[in-house]
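Worksheet: the structure to be examined is printed underneath.
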Amino acid sequence: MVARAVKLAPSILTADFGRLQEEILAADHAGADLLHLDVMDGRFVPNITFGPLVVETARQATQLPLDVHLMIEEPEQFLEAFANAGANTITIHLEACRHLHRAVQQIVDLDCQAGVALNPATPIESIREIAPFVDQVLVMSVNPGFGGQQFIQTMTSKLRRTRQILDEFNPTCDLEVDGGIGVDNIRDVQRNGANVIVVGSAIFNGTGTVRENLTALRDACNVAPYSGAQNNISAA
Ligand code: DX5
Ligand code: ZN
């Protein structure tokens with residue numbers, strides 16, 4: 001099994017939108033690897049956030065790769081708008097898309113990296129056919145729609161099983177996890193195969209600074225090698 005370096009992807013969902021550029025720059029300067037942008041339409045998920053304009057604002061604020069997570073129905077209608085706004089990776093939900101292969105191909109044709117996301121209740125077997133065509137699979141560890149929710153414990157084993165499928169069908173594919181991650185469980189998701197880790201409220205929370213929070217998460221990933229890993233991943 002390939003050892004993969006962990007990429008930390010702060011989600012701006014709980015950031016202070018009145019100071020959005022400042023918040024983004026703080027994450028950038030504190031060593032974020034990507035910036036995760038949560039787009040919600042009030043249909044696929046019971047919440048509405050923002051569209052391409054905010055992605056464009058983020059694009060102007062930072063050179064970090066923009067990891068755009070589309071929690072919207074019929075995402076194929078908006079792929080070009082998000083690519084033009086500066087997205088580097090566009091992740092669409094398997095549950096929101098009738099012709100997933102075609103939509104993934106559209107993302108690739110727009111010169112973006114393509115990701116497919118799975119809700120907590122969606123079986124991982126659904127990714128077998130699409131895995132060879134994507135750059136990233138996103139395992140949701142909360143039900144999408146809100147920041148600050150509790151990590152669903154069974155998603156740890158889902159990560160491990162997803163990594164096994166990816167190792168078979170697309171070994172270079174990134175495995176991203178999103179929802180309820182903090183200093184107490186980041187090492188756990190890492191050792192179960194996640195190498196792109198989204199963190200919202202444990203970074204943007206108005207208590208510690210963005211730098212302090214991000215450093216604590218990075219330190220939690222870099223503890224001594226885990227001795228009981230189920231899949232030999234040693235990404236520390
Ligand atoms: C949830 C979003 C997440 C969210 C994560 O629907 O996709 O990216 O911002 O926030 P935390 O880390 O607070 O669970
Ligand atoms: Zn997200």
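Note that ligands are numbered from 1 as they come in the structure, with each ligand's atoms numbered from 1 the same way. For the numbers below, each heavy atom of this structure counts, side chains included, while hydrogens, waters and symmetry mates do not.
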Looking only at the side chains, is there a donor atom on one of [X] and [Y] sitting less than 3.5 Å from an acceptor on the other?
X      : Y      : result
Gln164 : Arg161 : no
Gln136 : Asp67  : yes
Thr122 : Glu95  : yes
Ser11  : Asp38  : yes

query = Taking N or O atoms only and a 3.5 Å limit, does Asn143 qualify as a polar contact for ligand 1?
reply = no

message = Using a plain distance cutoff, I'd like to know if Gly145 has any nitrogen or oxygen under 3.5 Å from a nitrogen or oxygen of ligand 1.
response = yes

ask   = Relative to atom 2 (C) of ligand 1, which among Asp38, Ile203, Val199 owns the nearest non-hydrogen atom?
value = Asp38

remark   = Among Gly148, Gly182, Ser141, closest by heavy atom to atom 11 (P) of ligand 1 is Gly148

query = Which residues pass the ring-ring contact (aromatic ring centres under 6.0 Å, His included) test with His36, sequence neighbours left out?
reply = His69

inquiry  = One pair to check against side-chain contact (heavy atoms from CB on, under 4.5 Å): Gln105 and Arg102. What are the steps and the verdict?
reply    = CA-CA 5 Å; Gln105 204 51 54; Arg102 179 184 290 147; 5.5 Å; no

query = Should Ala202 be listed as contacting ligand 1, given a heavy-atom distance under 4.0 Å as the test?
reply = no

inquiry  = If the contact criterion is a heavy-atom separation under 4.0 Å, does Thr14 count as touching ligand 1?
reply    = no

ask   = Listing by chain and number, what protein N/O/S atoms are under 2.8 Å from the Zn ion (ligand 2)?
value = His36 NE2, Asp38 OD1, His69 ND1, Asp178 OD2

